[in-house]
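The basis for the numbers below is simple: all heavy atoms, side chains too, and nothing from hydrogens, waters or symmetry mates. Lettering follows sequence order; numbering is per chain, from 1.
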There are 2 protein chains.
Amino acid sequence: MTVTKLDIDLDRSSPVPLYFQMAERIAEAIQNGELPSGTRLDNEVQLADQLGLSRPTVRQAIQYLVDKGLLVRKRGVGTQVVHGQVKRAVELTSLYDDLRRAGQQPETRVLSIETVPAEEDVAGVLGVAPGTPVLRLERIRYASGEPLALLHNWLPAGAASLTAEALQARGLYELLRSTGVRMRVANQRIGARTATPAEARLLEERRGCPLLTMVRTTYDDQGRAVEHGSHVYRASHYALEVTLVER
Amino acid sequence: MTVTKLDIDLDRSSPVPLYFQMAERIAEAIQNGELPSGTRLDNEVQLADQLGLSRPTVRQAIQYLVDKGLLVRKRGVGTQVVHGQVKRAVELTSLYDDLRRAGQQPETRVLSIETVPAEEDVAGVLGVAPGTPVLRLERIRYASGEPLALLHNWLPAGAASLTAEALQARGLYELLRSTGVRMRVANQRIGARTATPAEARLLEERRGCPLLTMVRTTYDDQGRAVEHGSHVYRASHYALEVTLVER
DNA sequence: GTGAATAATTTGTCAAGACATACTTACTTA
DNA sequence: TAAGTAAGTATGTCTTGACAAATTATTCAC
């Protein structure tokens, strides 16, 4: 069990909180191998002394990383870099975000974008009366020139000014966020089924091929539904990867 | 936007930390409707005064609940119960845990439990040399008298003394936890495919039916792999539901 | 009446200090 | 030599206090 000295520079004139600067520097060191898995950090009191910070501030930085699964702490022992890799944290992201992060170039073909009267089930989840006008999107997402997913989304009408051009250039969540929508909670349901003939054709798969399905309703920080999506992915080309971290 | 007074009793002789008692009481009030969605809490300074706590202690309680997605805070405004329901938090749980929580009575049929030499891929994820003896489990999980999932798991040999009897009575994670294993991080991959003839027969489905798949490797707080699982679920009977909360 | 500036409110950040608890190591005793 | 106890180590909890930043409400000027 080695203790490694780590060079951490704090910019006190920066608007970035000190605890966050420290946390980021440690995360960076873990990421680039300066702090290998299993390494023990100096104790909190020492770190506070070395960095000229108060101990609670140091604790806040460390707790932030503990919450992310990068560090583990044990009373009487110390703080250690977690063995093993956190690959992919649980986050509220769209497929576009995910693909881009994975280094792929997502492309979008908007099949339709129209205002329609909300059917009973969609109205229920969006919290509007049946028949209320809602915006309905139908898109195909491509990666590496191949269709990857068929995406249906419903949004309250007027909630955001979306155009086919914008949806082709950016992901839906990105667009919503840029209009000030603060997405906060999403209930999602992941399943599987076979493709209908229409779906198979759009996704360039054989009829009855397995699809990974995701139905998700996203709420803003006031609890209002901002989006309901029903997406199907080619199981042959896509899987959901995520890392669960126990606090 | 209403502010509701909440009666919180703190037991200072209890070994349970004060911040945690406060957090639990608030969570209880949210759960039982005393604190409806959208309600605003008294400000931190007031709460600290009312409860005879320091403000950082109150903040710690609130932050704990913010992290769980129950509360939302805004500088200059206050702290509010999140609108909308957190249905199912992201957690490191097993299917057995999930089913039980959902009020179902899971049953398990152990098809095999044996020590085998680790194949290349399993050895890789468990962090042992190929050929090293590992414990291999093959089970069917039933709910409501119907097969729901076919579960394969591999564990380092000797990591836990598992018997078919124990596995029939309790979930794997529960058993691991009871032997002191501290599961911390799990990397999981969710996909879909069609069932092989053998799988279809065991799950009482037709050949080629869609399966929801999950491959998961779980690590303890020292980063050691404690379990690798490859599970397939009848898509007709099961879907994964989870709530994502943005911090 | 409207817009800009100022004040009030509340969370966010940070500091200094003290005691409690869990874990590890060293020492003592049988 | 092994077991038990004490000491040392390090995180966990809690207190008091102060200033900063974002949001909302109020006031003032045009």
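- Atom CG of A/Asn43 and atom P of C/dT24 are 16 Å apart (whole Å).
- With respect to A/Arg170 and A/Glu165, no salt bridge is recorded, no charged nitrogen being found less than 4.0 Å from a carboxylate O.
- Straight-line distance from the CG atom of B/Leu18 to the C1' atom of D/dG12: 12 Å, rounded to whole Å.
- In this structure, of C/dA16, C/dC14, D/dT15, it is C/dC14 that holds the atom nearest to the side chain of A/Pro17.
- The shortest distance between the side-chain N/O atoms of A/Tyr19 and the OP1/OP2 oxygens of C/dT13 is below 4.0 Å.
- Under a cut-off of 6.0 angstrom, the local environment of CD in B/Glu28 is crowded, with over 12 non-hydrogen atoms contributed by other residues, nucleotides or ligands.
- Among the atoms of the strands shown, none is found under 4.0 Å from any heavy atom of B/Pro15.
- For the pair A/Gln60 CD and D/dT13 P, the computed distance is 15 Å after rounding to whole Å.
- Taking the nucleotide of DNA chain C with the nearest heavy atom to each of A/Val58 and B/Arg75, the more 5' of the two is matched to B/Arg75.
- The shortest distance between the side-chain N/O atoms of A/Thr57 and the OP1/OP2 oxygens of C/dC14 is not below 4.0 Å.
- Contact annotation: B/Thr79 side-chain N/O to C/dT11 OP1/OP2 distance is under 4.0 Å.
- Aromatic ring pairs are classed by plane angle as parallel below 30°, tilted from 30° to 60° and perpendicular above 60°; the pair B/Tyr64 and B/Phe20 is perpendicular.
- Rounded to whole Å, the distance from CZ on A/Arg59 to P on D/dT11 is 8 Å.
- Along DNA chain C, the nucleotide nearest to B/Arg73 and the one nearest to A/Gly52 differ in position, and the one closer to the 5' end is contacted by B/Arg73.
- You'll find that the side chain of B/Arg12 is closest to D/dT15, out of D/dT13, C/dG12, D/dT15.
- Remark: A/Glu114 engages A/Arg136 in a salt bridge (charged side-chain N to carboxylate O under 4.0 Å, His left out) (not counting sequence neighbours).
- C/dG12 atom C1' lies 15 Å from atom OH of A/Tyr64, rounded to whole Å.
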